[in-house]
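This report refers to the structure that appears directly beneath it.
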Amino acid sequence: WLGSRAAVPTLVLVPQAVPLAVLAYLTGHWLVGAVPAVLLSTAFFAALDGRRIEPRSRRHIYLGLWPFFGWWAGCVVLTGLAPAALALAALLGGTKLWLGAAVAASAASGVLGVRRTPRIRRVRIRLPDLPPAFEGYRITQLSDIHCGPFAPSHRVRDWVRRARATEPDLIVVTGDLIASGMDYVDTVAGALGELSAPDGVAAAMGNHDYFGTGDALASALKGAGLRVLRNERVRIARGGEEIVLAGVDDTWTRRDDLDRALPTSARGDFVVLLSHDPDLFPAAAARAVDLTLSGHTHGGQLAVPLASKRLNLARLAHAYTSGLYREAGSVLYVNRGLGTSGPPVRIGTRGEIAVITLHRDPDLPPAQARN
């Protein structure tokens, strides 16, 4: 997220400029904002190692970096709210009143932004070709865990506990299990190994999973009991009927191969596809995939509340950013994820564990393969 070293001052310091001016105006003294800005920014820069954030200790994380990111998130929100507050003051009067309200709302957003408590999101998806034996079939989806300094073992295990409590038929994990490197491979594999469901636990790889050694992560996951689908498919049977569960490898490192995952011999089957990158959905729809489960976007991670599906940061690069989409009879669900990438902050879009229940609806148009 930092881009180049030259971009660091812009990304870290510029969002603090407007809040410092607002606090100075409200309190009559520039030190009120400048002191926390200097102390917390120093804590951040002390963790900067090239383009990566490397905390020096747990104390550094909890006493320095978490407060910095809470402050920074509040500054981002206040930068957006201050012009609206000034506009209201111009119409109604009471400049300090409106700016004070903006400061309070921004402070609350900063605190909530770093807490990132995910919700259980229950989704019902109607599909015309669902085999009758799979009516009411429940899939719990986790995505974008980003296990690392800001998503340590105890937090991941709490997410695992909550996922197990949903009592699914199948659990899937759609990529970006680690933040980067090799330090957390065993940690995330051990935590995810505690997942269980009658039809097992399946995973697809994401781009962050190759920021270290992807093969080592895949091996660790398999050793923990997960089924890692790297351009592969398996069949799940119930009541004499079957569905196909397929997974493609990472698109960013060009390891994805839909033809291997779904050869022409699989057409005609009911297919659930795990693809970390939702941008693969048009190609999946062209192959008449019934349901694609993705992640990657974090729901934008920074979004406008109440309009987060349309107004979020991921919209700059992706057509599909969160929730349900339908195309040519195929359905895509984009999970907002659990962890974060770059700043460990969410604004306007909460993380989630999705509990997806499948229902048969023959009146809907079926998925159609395109030549």
Side-chain angles (χ1 to χ4, degrees), residues 52 118 138-237 243-257 260-262 272-277 293-296 335 337-341 351 353-355:
R52 296 180 60 185
R138 185 179 296 177
I139 303 172
T140 293
Q141 181 195 12
L142 295 81
S143 194
D144 298 88
I145 292 168
H146 289 278
C147 185
F150 301 109
S153 175
H154 71 271
R155 178 166 291 182
V156 177
R157 280 186 157 81
D158 179 63
W159 297 336
V160 164
R161 177 188 58 78
R162 296 181 67 190
R164 289 184 61 178
T166 63
E167 299 182 344
D169 297 295
L170 171 70
I171 297 176
V172 299
V173 189
T174 48
D176 277 5
L177 309 186
I178 58 173
S180 64
M182 297 295 297
D183 292 345
Y184 290 87
V185 166
D186 291 338
T187 299
V188 76
L192 295 180
E194 298 175 8
L195 291 169
S196 64
D199 289 329
V201 183
M205 302 286 279
N207 53 301
H208 276 257
D209 299 326
Y210 287 100
F211 287 4
T213 302
D215 290 339
L217 175 61
S219 296
L221 293 172
K222 290 177 182 178
L226 279 73
R227 179 183 289 155
V228 183
L229 299 174
R230 304 169 81 181
N231 303 317
E232 301 169 81
R233 66 198 179 282
V234 296
R235 292 183 177 272
I236 298 174
I243 64 173
V244 170
L245 177 66
V248 290
D249 213 333
D250 174 48
T251 61
W252 281 44
T253 53
R254 299 182 179 179
R255 289 176 167 88
D256 59 301
D257 191 335
R260 280 182 56 200
L262 295 172
V272 177
L273 176 67
L274 309 183
S275 170
H276 175 67
D277 186 353
L293 302 178
S294 297
H296 185 55
N335 190 296
L338 288 162
T340 53
S341 180
I353 296 170
V355 182

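- The two residues A202 and L229 make their nearest non-hydrogen contact at CB-CD1, 4.3 Å.
- Residues D250 and D209 are not in side-chain contact: their nearest non-hydrogen atoms beyond the backbone lie 4.5 Å or more apart.
- In this structure, CG on L195 lies 6.5 Å from CG on L226, to the nearest 0.5 angstrom.
- Between the side chains of N335 and S143, no donor N or O sits under 3.5 Å from an acceptor N or O.
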For a quick test of your reading: what N or O donor-acceptor pairs under 3.5 Å do the side chains of residues 178-194 make, sequence neighbours left out?
| from | atom 1 | to | atom 2 | distance (Å) |
| --- | --- | --- | --- | --- |
| S180 | OG | R52 | NH2 | 3.3 |
| E194 | OE2 | R157 | NE | 2.7 |
| E194 | OE2 | R157 | NH2 | 3.2 |

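- Once rounded to the nearest 0.5 Å, the distance linking OG1 of T166 with CZ of R138 reads 6.5 Å.
- Considering CG of L170 and CD1 of I236, their distance stands at 4.5 Å, rounded to 0.5 Å.
- Within the 3.5 Å criterion, the main-chain N or O of R260 finds no donor-acceptor partner in the side chain of E232.
- To the nearest 0.5 Å, the span separating OG on S275 from CE on M205 amounts to 13.5 Å.
- With a 4.5 Å cut-off on side-chain heavy atoms, L177 and L221 count as touching.
- S341 and H146 get closest at one heavy-atom pair: CB-CE1, 4.1 Å.
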Inset, instruction - May I have the step-by-step check of side chain to side chain contact (heavy atoms under 4.5 Å, CB included) for D144 and H276, ending in yes or no? - result: CA-CA 9 Å; D144 298 88; H276 175 67; 3.2 Å; yes
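- Nearest heavy atoms, A197 versus P168: CB-O, 3.8 Å.
- Looking at every heavy atom in both residues, T174 comes nearest to G295 through OG1-N, 4.2 Å.
- Looking at D215, D257, D256 one by one, the single match for salt bridge (charged side-chain N to carboxylate O under 4.0 Å, His left out) with R230 turns out to be D215.
- Pairing each heavy atom of A246 with each of L262, the nearest pair is CB-CD2, 3.8 Å.
- With sequence neighbours left out, the side chain to side chain contact (heavy atoms under 4.5 Å, CB included) criterion links A204 to L274.
- With sequence neighbours excluded, the residues forming a side chain to side chain contact (heavy atoms under 4.5 Å, CB included) with R155 are W66, R116, P152, W159, listed by chain and number.
- Of all heavy-atom pairs between P118 and L338, the closest is CB-CD2, 3.6 Å.
- In this structure, the separation between CG on L245 and CZ on R233 is 11.5 Å, given to the nearest 0.5 Å.
- For the atom pair CG of N231 and CZ of R255, the computed distance is 10.5 Å after rounding to the nearest 0.5 Å.
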